[in-house]
Amino acid sequence: MITSKAKWITADKNLQAPLFKKDIFLEKFEDVNISISGLGFFELYINKNKVSEDLLTPVWSNYENRDFKDKFILYPNNDTMSSRIYYLNYNITDYLNKGKNEILILLGNGWYRQNKRNIEGDFPYSDELKLIFDISVKDEIVYNIISDTSVQYIESFITENNIYYGEIHNYSKLNENFEFLENADWKNSVLAKVPDSRLFEQNCPSDAIIDKLTPTIIYKDKNRTVYDLKQNISGRVVVQTISDNSEISINHAENINDNFTLNYDSCGGNGQIQNCTYRNVKKGSKLYPRFTWQAFRYFEIIGECESVYCEVIHSKLLKLSDFKCDNDNLNWLYETYLRTQTNNMHCGVPSDCPHRERLGYTGDGQITCEASMLNFDGYEFYKKWIADIADSQDINTGHVQHTAPFYGGGGGPGGWGSAIVFVPYYHYKLYKDKSILTKYFPNMLSWLKSMQSFSNNGLIIKEIEGGWCLGEWCTPDEIKIPEAYINTYFYIKCMKIIEEISLILNKKVDYSKEINISINAIINNFYNKDKNEFCNFIQGSNIFAIDLGLANDELIYKTFKYYDELNCFDTGLFGTPLLIDVLCKYNRQDIAFKLLNSEKFPSYSYMKNHNATTFWEYWSGFQSHDHPMFGSVAKNLFYDLLGIKIIKAGFEEIEISPYIPKYINYCYGKLKTVNGVIEIEIKKNTDKIHLSINIDNINCKLNYKDINAIIPKNKSYQITIKD
């Protein structure tokens with residue numbers, strides 16, 4: 001832990017990435033631990049060896065309280081939020097020698113002092129970088145070595161670094177291995193302003209190098225070489241230099257023009273190019289950025305180098321799932337979701353895109369969280385992000401921001417603010433940690449109060465004064481579905497979920513009155529009795545009503561028939577996954593998977609057939625090509641194709657009821673859950689279906705065709721039936 005004696009220290013504000021040094025002398029030691037935090041990001045080296053594989057630490061948070069009154073932001077925000085700073089603990093015993101040891105700490109801007117991109121507004125937390133550490137040495141006694149003004153600093157080789165843009169390195173005085181080429185002018189650090197915040201130990205996984213990929217050269221002339229990775233990644237290009245005193249510049253993009261120039265449109269445009277430049281490099285140097293990641297498929301290198309490869313970097317999360325079938329479109333959907341989601345998991349935050357905005361949008365995050373927690377061990381990751389959502393909630397009104405940690409960005413009170421309900425709810429559903437529901441139940445109730453303040457006779461018609469009030473987003477054409485309709489849907493939906501949560505916690509609440517008022521408001525304002533439809537049946541409007549139980553049988557039949565014949569999507573961010581969920585809920589998996597398999601525009605396979613390796617932000621390919629929000633339907637491959645239904649939270653009890661379309665003859669899936677492994681394999685052979693199920697310590701029953709059977713725990717169950 002960091003004791004009260006440790007001091008926050010800083011360096012010259014003009015330095016973009018100061019290098020701090022502390023020499024310690026140890027005659028005897030048994031066990032040595034360091035607790036350390038840096039604002040923004042830090043890298044720790046002992047005797048020039050990097051401590052830990054962690055990157056981009058500590059994880060991003062509402063570092064400290066900020067006043068936006070005199071700053072430019074897109075919309076006024078006078079909310080009072082909470083803040084926290086994370087620190088990390090490392091056992092460094094094996095890095096130390098008897099006698100003198102050199103501790104080096106490289107400190108970069110990170111999110112804390114990001115002051116270059118201001119499209120959303122001015123959001124730097126401070127104009128000075130800060131560092132604090134506390135080293136606990138155990139020998140015959142325990143004593144501490146702390147950060148104070150005896151720690152020295154110097155300018156490092158990183159002369160510029162920015163989350164969104166990249167880095168510039170200059171190796172004229174210091175090389176990448178922290179070896180000085182000229183005499184170093186060390187200065188004593190000074191005490192920093194103590195952050196107005198709280199310190200918490202980081203349990204959320206940091207970013208790390210996940211994979212190493214070799215790119216292909218697709219164009220080369222005397223000035224530049226262009227590479228293709230064949231897939232979108234988040235990470236960095238690593239190069240080795242072949243000559244002294246040269247300069248190397250690397251640009252990154254998702255797309256490429258016909259003349260082999262990079263197309264930056266989807267990543268932020270020509271005004272936000274992801275670039276890394278290395279100057280005065282020495283022969284044989286290994287070069288890469290330290291305090292950012294890039295998101296790209298293509299990159300160009302200007303200058304001479306060798307041994308070019310790419311490192312995939314994102315939060316280190318254990319993959320829990322496996323899926324494959326004999327349908328290329330569904331296999332592509334699964335693999336593309338995994339890649340898109342992990343590309344967007346950095347610094348403990350699920351982002352909307354890994355390049356242009358890189359923000360933890362609560363709308364995108366709540367839509368994808370269930371699929372993410374199903375496919376990855378996101379227990380600690382989402383536990384941390386739930387804390388970000390709560391920290392970004394106004395402590396007075398209960399209003400939830402559109403991004404968490406709060407960094408501007410547009411959204412709405414329903415689909416975005418409801419993250420304070422949905423994310424803890426799905427965390428409990430998949431991991432069965434009731435303490436999450438207990439802790440954030442008051443936040444849910446507070447958010448409902450804020451929604452009530454935005455209500456007009458039951459309809460949610462506004463957000464904070466001057467703020468955004470989006471309903472749906474990213475529909476195939478111009479958004480036509482009314483904002484109030486969507487926001488009120490989320491209001492009603494969350495009241496029902498909160499009632500369910502209250503029973504789990506034995507804190508029964510009753511919102512039947514409020515629910516009825518809002519249901520009547522939806523019917524009175526958006527239902528056309530003569531046509532028997534809601535909102536003129538545009539952009540999935542009937543689906544929202546069906547999900548709330550407001551539709552009669554004729555309307556349900558008409559809606560499902562429409563999508564069966566349409567064979568593509570007309571829905572946006574929220575309507576698309578809801579459409580698939582509602583179809584499966586009403587046992588119309590035939591239509592749901594017809595849509596997921598469709599190649600008609602707009603559809604998933606339309607992206608696939610246009611060489612997408614990650615999901616697009618818009619069905620048309622406009623803007624980002626690395627947005628996970630439409631990938632949330634990957635959960636339906638397990639829930640509704642393989643038919644794994646969660647009966648009790650944490651997979652304590654499940655039901656298996658597969659649906660295998662006629663065009664699929666083989667399907668396999670595996671899930672690692674908190675209760676054990678679920679493995680299902682289905683094979684069709686002429687007129688027979690072979691079903692194999694392996695279940696760990698989970699109560700399970702099979703409900704398939706005319707079969708109702710209890711699946712024995714820890715045993716293989718196989719059956720062959722007529723198709």
Side-chain angles (χ1 to χ4, degrees), residues 323-337 340 367-368 370-371 374 472-477 479-481 486 533-535 537-547 551 555-610 612 614-621 627-644 657-665 667 669:
F323 175 86
K324 56 188 175 183
C325 67
D326 58 356
N327 179 274
D328 289 342
N329 290 335
L330 296 185
N331 287 335
W332 177 89
L333 190 150
Y334 171 71
E335 294 294 340
T336 302
Y337 169 70
T340 314
I367 280 293
T368 56
E370 184 178 13
L374 182 72
E472 182 62 288
W473 190 243
C474 292
T475 48
D477 50 6
I479 300 173
K480 300 173 184 176
I481 192 167
I486 299 299
E533 62 190 23
F534 288 81
C535 301
F537 197 179
I538 52 172
Q539 299 173 338
S541 55
N542 282 349
I543 292 296
F544 294 91
I546 293 171
D547 188 53
L555 176 54
I556 295 171
Y557 173 80
K558 178 172 73 172
T559 302
F560 292 174
K561 184 175 184 292
Y562 168 80
Y563 282 106
D564 190 19
E565 295 173 351
L566 184 67
N567 193 28
C568 64
F569 293 92
D570 63 350
T571 46
L573 165 61
F574 304 119
T576 298
L578 185 64
L579 170 59
I580 300 301
D581 285 346
V582 167
L583 286 168
C584 294
K585 177 183 175 181
Y586 281 82
N587 296 316
R588 294 309 308 265
Q589 289 93 335
D590 57 327
I591 304 175
F593 286 96
K594 180 180 180 180
L595 292 172
L596 292 178
N597 190 46
S598 171
E599 300 189 6
K600 181 181 175 184
F601 176 81
S603 68
Y604 291 92
S605 297
Y606 177 85
M607 298 185 201
K608 167 181 169 286
N609 294 336
H610 286 76
T614 45
F615 292 121
W616 298 343
E617 179 178 8
Y618 286 84
W619 292 109
S620 64
H627 252 66
M629 60 187 192
F630 281 130
S632 60
V633 296
K635 69 182 186 297
N636 299 95
L637 298 174
F638 297 94
Y639 289 161
D640 301 299
L641 190 68
L642 294 168
I644 303 171
S657 50
Y659 168 79
I660 305 300
K662 292 181 179 179
Y663 51 83
I664 290 181
N665 293 309
C667 189

Student: Is there a side-chain contact between T571 and Y563, using heavy atoms and a 4.5 Å cut-off?
Tutor: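 Side chain of T571 against side chain of Y563, heavy atoms only: contact under 4.5 Å found.
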Student: Going by heavy atoms in the side chains, are Y604 and V633 under 4.5 Å from each other?
Tutor: yes
Student: Do L637 and Y337 make a side-chain contact, defined as non-hydrogen atoms from C-beta onward lying under 4.5 Å apart?
Tutor: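 Heavy-atom side-chain distance check fails, nothing below 4.5 Å.
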Student: What is the minimum heavy-atom distance between L641 and I660, and which atoms define it?
Tutor: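 Minimum heavy-atom separation between L641 and I660: O-CD1, 3.9 Å.
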Student: Enter the distance from L595:CG to L566:CG here, rounded to the nearest 0.5 Å.
Tutor: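 Going from CG on L595 over to CG on L566, the span is 7.5 Å.
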Student: Okay, side chain of Q539, backbone of T475: is any donor-acceptor separation there less than 3.5 Å?
Tutor: no
Student: Nearest heavy-atom pair of N567 and K600: which atoms, and what distance?
Tutor: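 Residues N567 and K600, closest heavy atoms: O-CB, 3.8 Å.
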Student: Do any N or O atoms from the side chain of S598 and from the backbone of K594 form a donor-acceptor pair under 3.5 angstrom?
Tutor: no
Student: Can you tell me if NZ on K561 sees more than 12 non-hydrogen neighbours from other groups inside 6.0 Å?
Tutor: no
Student: Hey, could you give me the CZ/CG distance between F593 and N636, rounded to the nearest 0.5 Å?
Tutor: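 Going from the CZ atom of F593 to the CG atom of N636 covers 6.0 Å.
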Student: Between E370 and Y639, is there a side-chain donor-acceptor contact under 3.5 Å, judged purely by atom types and distance?
Tutor: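 E370 and Y639 do have a side-chain donor-acceptor pair below 3.5 Å.
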Student: First locate atom OH of Y606, then atom CH2 of W616, and finally report the distance between them rounded to the nearest 0.5 Å.
Tutor: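 It is 6.0 Å, given to the nearest 0.5 Å.
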Student: Give the minimum heavy-atom separation between A634 and L333, together with the two atoms involved.
Tutor: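 A634 and L333 have their closest heavy atoms at CA-CD2, 3.9 Å.
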Student: To the nearest 0.5 Å, how far apart are OG1 in T368 and CZ in F615?
Tutor: 11.5 Å
Student: With distance as the sole test, does W332 use its side chain to make a donor-acceptor pair with the main-chain N or O of M607 at under 3.5 Å?
Tutor: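 Looks like no, no N/O pair under 3.5 Å.
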Student: Between the main-chain N or O of I664 and the side-chain N or O of D326, is there a donor-acceptor pair closer than 3.5 Å?
Tutor: no
Student: What closest approach, in Å, do C325 and C667 show between heavy atoms, and which atom pair accounts for it?
Tutor: CB-CA, 4.0 Å
Student: Just do the side-chain contact (heavy atoms from CB on, under 4.5 Å) check on N542 and Y562 with the steps written out, would you?
Tutor: CA-CA 11 Å; N542 282 349; Y562 168 80; over 6 Å; no
Student: Decide if the gap between the ring center of F630 and the ring center of W619 is smaller than 6.0 angstrom.
Tutor: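 Yes, they do, as the ring centres are separated by less than 6.0 Å.
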Student: Could you state the interatomic distance from CD1 (I580) to CD (Q589), rounded to the nearest 0.5 Å?
Tutor: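 The distance works out to 10.5 Å.
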Student: Assert yes or no for the condition that the ring centre distance of Y586 to F560 is strictly below 6.0 Å.
Tutor: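 Close enough - the centres of the two rings lie under 6.0 Å apart.
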Student: Would you check if the side chain of S541 reaches a backbone N or O of F534 as a donor-acceptor pair within less than 3.5 Å?
Tutor: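 Pair found, side chain donor or acceptor close to backbone of F534.
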Student: If you round to the nearest 0.5 Å, how far is OG1 of T576 from CG of D581?
Tutor: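 The OG1 atom of T576 is 11.0 Å from CG of D581, to the nearest 0.5 Å.
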Student: My understanding is that only residues two or more places apart in sequence, or in another chain, count here; which of them pass ring pair (Phe, Tyr, Trp, His ring centres under 6.0 Å) with Y557?
Tutor: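 For Y557, no residue satisfies ring pair (Phe, Tyr, Trp, His ring centres under 6.0 Å) once neighbours in sequence are set aside.
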Student: For L573, is there any backbone N or O sitting under 3.5 Å from a side-chain donor or acceptor partner on E472?
Tutor: yes
Student: Quick check: are there more than 12 heavy atoms from other residues, nucleotides or ligands sitting under 6.0 Å from NZ of K585?
Tutor: yes
Student: Just by distance, do the side chain of N609 and the backbone of S605 share a donor-acceptor pair under 3.5 Å?
Tutor: yes
Student: For Y659, which of D590, D640, N587 qualifies under side-chain contact (heavy atoms from CB on, under 4.5 Å)?
Tutor: D590
